[in-house]
Amino acid sequence: MTVKKLEKAAFDKWVSACITSQRVFGVQAKEDRFVFAPLANAADLRLDYDVTILPPKKYFQPPRETLLKFDRNEGFESVFDNQPFVLFGVHPYDMVAISQTDKLFSQEHCDTHYVNRREKATIVACDVQNASKDVFAGCMGTATVNDGFDILITKIDNDYLVDIRSEKGQALAETIKDAEDADDISLKLRKLVWADNAELLQKHKLNVRPDVLPKLLGRSYEHPVWKEKSERCYSCGSCNLVCPTCYCFDVRDDVEWNLQKGERYRVWDGCLLAEFAVVAGKHNFRANRADRYRHRYYRKGKYVPEKIGEVACVGCGRCITACTANIANPVEVYNKLVDEGK
Amino acid sequence: MSKLKVAFFDFACCEGCQLQVYNLEEEIIDLLELVEPVEWREAMSDQSDDYDVAIIEGSITRIEDEQRLKAIREKAQVLIALGACATTGGVNNLKNNFDMQDVKECVYGKDANMPHLDTYPTKAVNEVVKVDYMIPGCPINIKEFSYIVRCLALGKEPKIPDYAVCVECKMKENVCRFEYGEICLGPITRAGCDAKCPSSGMWCFGCRGFVDNPNVNAAKDVMAEYGKTHDDLRGKMLLFGSKQEFE
Amino acid sequence: MCKCDSNKDIYLPLPATLGKVQPMTNLESFFSCQLDSGKELGHMPGQFVEVSIPGIGEAPISVSSSPTRKGSFEMVIRKVGNVSQSLHGLNAGDKIFIRGPFGTSFPVDDAMKGKDIIFVCGGIGIVPVRSAIQYVLDNRDDYGRVIILFGAKTPSDRLFVEELEKWREDKNVTLLETVDHRDESWSGPEGVITTLLPLVKIDKDNTVVVICGPPIMYKFVIINLLEAKLKEDQIYLSLERNMKCGVGKCGHCQINNIYVCQDGPVFKFSDIKDIEEAL
Amino acid sequence: MTKKFNISVNHVTRVEGHGNIRLRASDGKVEHVEWQVPEAPRFFEAMVRGRSFEDIQTIVSRICGICSVTHSLAAIKGIEDAMGIKVSKQTDKLRILCHYGEQVESHSLHVGYLVAPDLLGQKSVIPLIESHPDVVKTVIRLHRLGNIWMEIIGGRMTHPITLKPGGFTAIPSEQKLLELKKAMEDAIPDVKILIEVLLSLVDKFPAFDRDTEYIALNHPDYYTFYHGDIASTDTDEKVPVHEFERVANEYVVPQSTAKWCKWHRDSYAVGALARFNQNAEKLMPMAAETAKQFGLTKGACNPYLNNVAQVVECVQVVEHGLQLIDELLTTGLKPEPVKVEPRAGEGVGCVEAPRGILFHRYEFDEKGLCTKANICIPTGQNHANIQKDFEALAPQIIDRPQDEIRLLLEMLVRSYDPCISCSTHFLDVEFV
Ligand SMILES: Cc1cc2nc3c(=O)[nH]c(=O)nc-3n(C[C@H](O)[C@H](O)[C@H](O)COP(=O)(O)OP(=O)(O)OC[C@H]3O[C@@H](n4cnc5c(N)ncnc54)[C@H](O)[C@@H]3O)c2cc1C
Ligand code: SF4
Ligand code: SF4
Ligand code: SF4
């Protein structure tokens with residue numbers, strides 16, 4: 001729709017205005033890292049962040065989420081969270097991940113718990129200003145993003161370009177309507193930022209085009225890398241939990257003290273966890289660490305792509321950082337498959 | 001529905017896990033709607049032999065404890081081991097790193113051999129009698145305790161996690177202790193505490209015991225990358241007592 | 001992003017009432033059930049429902065009766081864990097909660113039409129298959145020969161004993177049974193289910209085989225069938241995995257790239273033969 | 001009444017840990033009265049040997065669930081003393097604040113859950129829920145205050161996480177401190193209710209005075225739980241905590257797995273009443289007013305009044321706690337990463353547990369591994385005094401019904417708020 005250009009002061013004023021009128025979550029510092037958290041002051045917003053510990057998926061699919069309430073005699077009732085909110089500072093790779101999850105949750109049986117939250121969200125994306133130590137979005141084509149968000153912010157020198165793309169974005173940008181439109185030079189500079197980011201966000205270099213991954217994996221099922229790497233795998237699930245495209249969950253019931261009323265909730269789960277594929281009789285369909293370890297790479301690189309046509313790794317690098325055993329680097333693993341496939 | 005008759009018994013421990021039950025605060029009243037404590041020395045004066053559920057706190061460190069525990073097991077339909085001391089031996093296991101005579105002399109000097117000061121290497125409850133349910137942790141997580149009590153009242157099999165503390169730690173979005181060059185036992189420790197320690201800036205020292213199949217070899221293998229040695233890891237793992245897991 | 005009704009909830013179970021509840025073996029009980037809405041379940045043979053007991057949990061359970069039998073639907077549940085155990089404690093008239101039906105079904109209306117049908121059932125595997133058997137028998141003229149092979153561990157593990165007797169007497173059906181371990185109550189054959197296959201004359205071009213049983217059964221039955229020159233697309237089987245949502249979201253039932261809850265539980269063998277984790 | 005009788009109470013209830021009472025009487029005379037401690041000994045001083053200074057707090061916290069903050073702080077102070085570590089003002093204040101939370105939690109648990117049933121004629125707090133629901137709910141609210149207090153600062157209710165040699169692994173946010181402040185202010189009416197209730201019941205305490213030596217920390221400027229020197233009501237001498245062995249004089253007796261203590265007399269007492277007798281004039285206004293309401297004055301020597309002193313202290317720590325929070329909020333909270341370089345040394349840590357003065361002594365080698373430890377616990381210091389009280393009280397009440405004798409003896413034990421489980425481990429004694 002339109003691209004506005006704001007100076008730092010005007011930008012902060014706008015953020016403050018958003019905070020007073022809406023529920024806003026934005027990126028902030030937590031010790032030496034960054035997290036999305038409720039935003040109280042414009043000054044706390046850190047759009048210069050490198051990467052957040054958890055991706056913004058936590059707002060669409062919270063770690064623990066009540067699905068239903070029940071009364072043991074009367075039955076179940078759905079619980080939906082319909083409160084609108086604004087997410088400030090979503091990086092392009094995370095935006096791509098959100099759009100993927102949108103597809104998966106709305107495909108076939110539509111998950112209204114997810115979809116309702118998603119539809120109530122206004123997403124203010126922002127181009128990366130500082131690359132994190134493990135990011136490789138540049139290799140995955142996700143260093144920049146074209147759609148999915150309501151507003152895209154790009155910092156050019158000391159100014160902010162505010163690219164408004166939807167009605168929700170328009171509504172949020174109400175308070176800045178008298179700001180000037182971005183000039184051509186700024187727009188050109190923005191293109192440069194995009195081009196640069198595609199290069200800069202390659203802290204690890206993938207030696208294969210992402211769209212070739214399904215084929216590559218197609219012939220690597222018995223590759224020794226799975227066993228080799230997984231010997232050091234704790235099955236701790238950190239790589240699943242921090243991943244913006246992982247969304248598996250477990251469903252549990254709990255009752256109140258009266259044993260009458262209670263709730264059914266879902267919690268994040270992960271295919272790396274030992275019990276993920278256990279059925280009655282304790283039979284485990286993925287009993288070996290190697291099987292679980294492999295499944296994750298296949299899911300990202302083959303299974304999801306076969307379902308929605310996109311590779312389900314956006315190159316955020318979070319799993320690389322989170323894995324205390326240093327074995328969760330997709331680039332390293334996929335490159336190994338390329339090298340040894342030759 | 002008739003209430004579950006519950007009896008609490010304590011052995012060598014700090015009684016902090018029983019204290020967690022007090023820490024239910026208002027919910028104690030709800031708890032008492034479901035269970036009828038018939039013996040609970042720390043809270044009440046009655047004593048009774050008629051109970052369905054025996055909740056055992058503390059480790060077994062003397063022959064006489066062992067006999068008392070066996071008698072309790074005979075009377076109880078369900079026996080629950082409460083807290084680290086009861087489920088794994090807890091800190092009391094540290095004693096087992098030494099010779100018992102040395103331990104006694106260290107504390108009681110020339111009086112060490114007085115009969116009432118006798119002791120033997122720490123045992124967890126399940127090393128003496130059959131345990132039906134374990135509620136791990138030092139101290140226990142009162143939410144987990146409540147959940148298990150409600151499950152028993154409902155006739156449902158309670159489930160405690162068999163995944164690592166990292167799962168809950170990640171959900172809390174903590175900065176990982178390894179990023180500070182510390183050894184955290186989170187990757188091999190059984191979750192269920194809500195990652196209390198890492199959430200307060202402290203490494204996990206494994207008070208809930210390890211997951212069913214901890215990858216200790218991986219842990220050893222990884223140490224050097226963080227500038228640590230096997231001994232550093234061993235020291236951490238021994239704190240809440242699982243020598244056998246390390247070797 | 002999605003056109004669906006934002007108040008609809010794929011996780012919301014609907015009330016239903018148990019009709020008949022009857023123990024069948026030490027572990028399995030039979031349940032008939034009716035939706036409180038008065039509507040038919042609307043399933044096809046091979047599909048499953050998610051059964052809920054509030055506070056206890058939810059479990060996927062196959063519908064064991066055919067949609068041709070109106071009014072109620074039937075399930076057989078093995079006591080293995082929380083939900084199944086507590087279902088066993090319920091009585092006629094008690095409430096349970098149902099989602100579904102979900103998943104794929106046996107191709108009773110297409111691939112199976114006009115063909116000889118061989119049903120190969122091991123143990124509790126007869127539960128979902130019974131729905132297809134009933135369907136076929138209720139539309140008997142649409143199919144060729146109907147052959148039912150059933151193997152149980154011991155005679156006391158046999159399910160649907162009365163129905164088995166009925167099928168045995170039905171001239172339009174061939175029923176062959178075996179048990180792994182015989183006792184004095186059993187005069188029939190002893191041996192694993194594959195020992196029954198050579199007793200059947202298979203018209204290799206005009207037969208569809210439906211298989212359901214414990215994981216290790218599939219491999220051996222299929223080898224035998226392929227040796228009998230049956231083609232891979234003439235074989236259908238029903239698989240089981242851990243399942244939390246039943247609607248392709250939770251990820252638990254994934255077998256490599258397929259979801260048992262959506263792409264299955266009924267699969268054509270040719271579709272999954274190359275899937276490493278399937279069998 | 002029979003001429004001869006025995007009273008034998010195994011495992012006194014509603015106390016932490018195991019203690020027995022033995023009384024033998026004949027012809028209206030007490031022949032023998034004894035306080036026994038059969039608790040399984042736990043050997044902490046032996047267990048910490050070879051452990052890194054980093055782990056000591058975590059281990060010794062497990063001596064006692066009810067005073068885990070106190071044990072943690074004593075250990076930390078001992079380690080800091082041994083390694084020459086100075087902490088910031090902020091750390092000091094936060095520690096004191098955390099410690100106050102434990103006083104409230106422990107005192108309210110003791111007075112409300114363990115002692116109140118005696119005064120209200122019930123066997124435990126459970127029937128009290130029916131008979132005196134308002135009292136119970138008030139106690140629960142105060143107890144919860146103590147707990148969230150410790151949780152906000154220590155990271156957890158029982159066995160604090162954040163307290164470490166050198167400082168804190170994590171500090172509360174200002175918002176959390178404000179929450180705590182609000183909770184404390186909201187609790188003042190509850191404290192008042194508790195005072196009212198106890199005021200109406202004080203006459204249930206037997207009029208039993210026995211002059212004894214009272215020992216507690218003393219600080220010239222304020223009512224202290226954390227800083228200061230050891231002081232006794234028997235002498236003007238202030239003993240530096242470093243010399244605590246000179247005060248405690250531990251010895252082993254056959255009826256106890258815990259060691260006993262004495263200084264100027266056969267026994268001495270520690271705890272809330274001892275602190276009051278040592279520091280009463282330094283109470284803050286509301287706390288001083290509370291003491292006045294009860295008529296509690298310096299020099300009180302009825303052991304049952306320890307419970308009254310505990311209530312006075314609840315008021316004191318809330319009052320002073322509010323002041324500390326305001327000071328912290330005024331200066332603002334800064335994270336202060338702690339990095340401790342271990343060195344060889346020897347040090348003592350001393351703090352006031354809810355039930356009395358507590359000493360920890362440690363020695364470390366140059367790698368920071370513990371080579372020796374000695375822990376001297378308040379309940380241990382009270383055991384001998386309990387015995388002496390028994391000996392004085394029993395003859396006074398021997399002609400009452402046996403049930404009453406038994407109850408009065410049990411109540412006496414309970415009034416000390418004994419933490420028997422933690423009293424059974426000491427080391428390195430001068431045997432007498
Ligand atoms: C498509 C399908 C159809 C089925 N049809 C039938 C049927 O007709 N009759 C019947 O008796 N059983 C059937 N099952 C199996 C049945 O779902 C499980 O036995 C049931 O989930 C156990 O639930 P529970 O609450 O009783 O046990 P739980 O207490 O949940 O579980 C016991 C153990 O089983 C594991 N488990 C969890 N979810 C599942 C799951 N979905 N399947 C298997 N194990 C699981 C748990 O992790 C645990 O280890 C079917 C399963 C599937 C996937
Ligand atoms: S984070 Fe690393 S160690 Fe943990 S499950 Fe993933 S690959 Fe394994
Ligand atoms: S801090 Fe510990 S528990 Fe948390 S993620 Fe890191 S290793 Fe796991
Ligand atoms: S983080 Fe580890 S040590 Fe801390 S409570 Fe949890 S299991 Fe225990």
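Computed from a predicted structure; not experimentally measured. Labels below follow one simple rule: chain letters A, B, ... track the order of the sequence lines, proteins then strands, and each chain is numbered from 1.
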Checklist entry - Within the distance-only criterion (no hydrogens, no angle test), does the side chain of C:Lys249 pair as donor or acceptor with the backbone N or O of A:Leu104 below 3.5 angstrom? => result yes
Item to check | chain A contact via C:Val247 - which portion, at a heavy-atom distance below 4.5 Å | outcome: both
Checklist outcome for this item: Between the CD1 atom in C:Ile10 and the SG atom in A:Cys110, the distance rounded to the nearest 0.5 Å is 7.0 Å
Item to check | Close side-chain approach of A:Arg72 and C:Ile56, heavy atoms under 4.5 Å | outcome: yes
Checklist outcome for this item: So, the part of A:Asp269 with a heavy atom under 4.5 Å from chain C: the answer is side chain
Item to check | Check: A:Val278 main-chain N/O paired with C:Asn242 side-chain donor or acceptor under 3.5 Å | outcome: yes
Item to check | Residue pair C:Glu276 / A:Tyr298, side-chain heavy-atom distance below 4.5 Å | outcome: no
Item to check | CZ on A:Arg299 to CD on C:Gln254, rounded to 0.5 Å | outcome: 4.5 Å
Checklist entry - Looking at the rings of A:His109 and C:Phe102, which for Trp means the six-membered one, are their centres under 6.0 Å apart? => result yes
Checklist entry - Which heavy-atom pair separates C:Tyr11 from A:Leu68 by the least distance, and what is that distance? => result O-CD1, 3.2 Å
Item to check | Donor-acceptor pair, side chain of A:Thr112 and main chain of C:Lys8, under 3.5 angstrom | outcome: yes
Item to check | Side chain / backbone / both / neither for A:His113 at chain C, heavy atoms under 4.5 Å | outcome: side chain
Checklist entry - Got a sec: does the CG of C:Asp110 have more than 12 other heavy atoms crowding it under 6.0 Å? => result yes
Checklist entry - Is the side chain of A:Arg264 donor-acceptor paired with the backbone N or O of C:Gly57 at a distance under 3.5 Å, no angle test? => result yes
Checklist entry - Measuring heavy-atom distances to chain C, does A:Gln61 have an atom under 4.5 Å in its side chain, in its backbone, in both, or in neither? => result neither
Checklist outcome for this item: Rounded to the nearest 0.5 angstrom, the NZ-CD distance for A:Lys307 and C:Gln262 is 5.0 Å
Checklist entry - Do you know the tightest heavy-atom contact between C:Pro54 and A:Phe70? => result CB-CD1, 3.6 Å
Item to check | C:Cys253 portion near chain A, given a 4.5 angstrom heavy-atom threshold | outcome: neither
Item to check | Portion of C:Pro13 that has a non-hydrogen atom of chain A nearer than 4.5 angstrom | outcome: both
Checklist outcome for this item: One option among C:Ser52, C:Cys245, C:Gly81, C:Gly248 has the most heavy-atom pairs under 4.5 Å with chain A, and it is C:Ser52
Next on the checklist: Can you tell me which portion of C:Leu14 sits under 4.5 Å from chain A's heavy atoms? Options are side chain, backbone, both or neither.
Outcome noted: neither
Item to check | Heavy-atom closest contact (C:Gly55 atom, A:Val255 atom, distance) | outcome: CA-CG1, 3.7 Å
Next on the checklist: What part of A:Arg252 gets within 4.5 angstrom of chain C, counting heavy atoms only: side chain, backbone, both, or neither?
Outcome noted: neither
Next on the checklist: Rounded to the nearest 0.5 Å, what separates atom CZ in A:Phe285 from atom CD in C:Glu240?
Outcome noted: 7.0 Å
Checklist entry - Using non-hydrogen atoms only, which part of A:Glu74 is less than 4.5 Å away from chain C: side chain, backbone, both, or neither? => result backbone
Item to check | A:Asp253 to C:Ile53 - nearest heavy-atom pair and separation | outcome: OD2-O, 3.7 Å
Checklist entry - Side chain, backbone, both or neither: which part of C:Asn256 has a heavy atom under 4.5 Å from chain A? => result both
Next on the checklist: Donor-acceptor pair, distance only, cut-off 3.5 Å: does the side chain of C:His252 make one with the backbone of A:Phe249?
Outcome noted: yes
Item to check | Engaged part of C:Glu58 at the chain A interface, taking heavy atoms whose separation is under 4.5 Å | outcome: both
Item to check | Least distance between heavy atoms, C:Gly251 atom then A:Cys248 atom | outcome: CA-SG, 3.7 Å
Checklist entry - Tell me, side chain or backbone of A:Gln260 under 4.5 Å from chain C's heavy atoms, or both, or neither? => result neither
Checklist entry - Can you check whether A:Phe80 reaches C:Asp9 side chain to side chain, under 4.5 Å on heavy atoms? => result yes
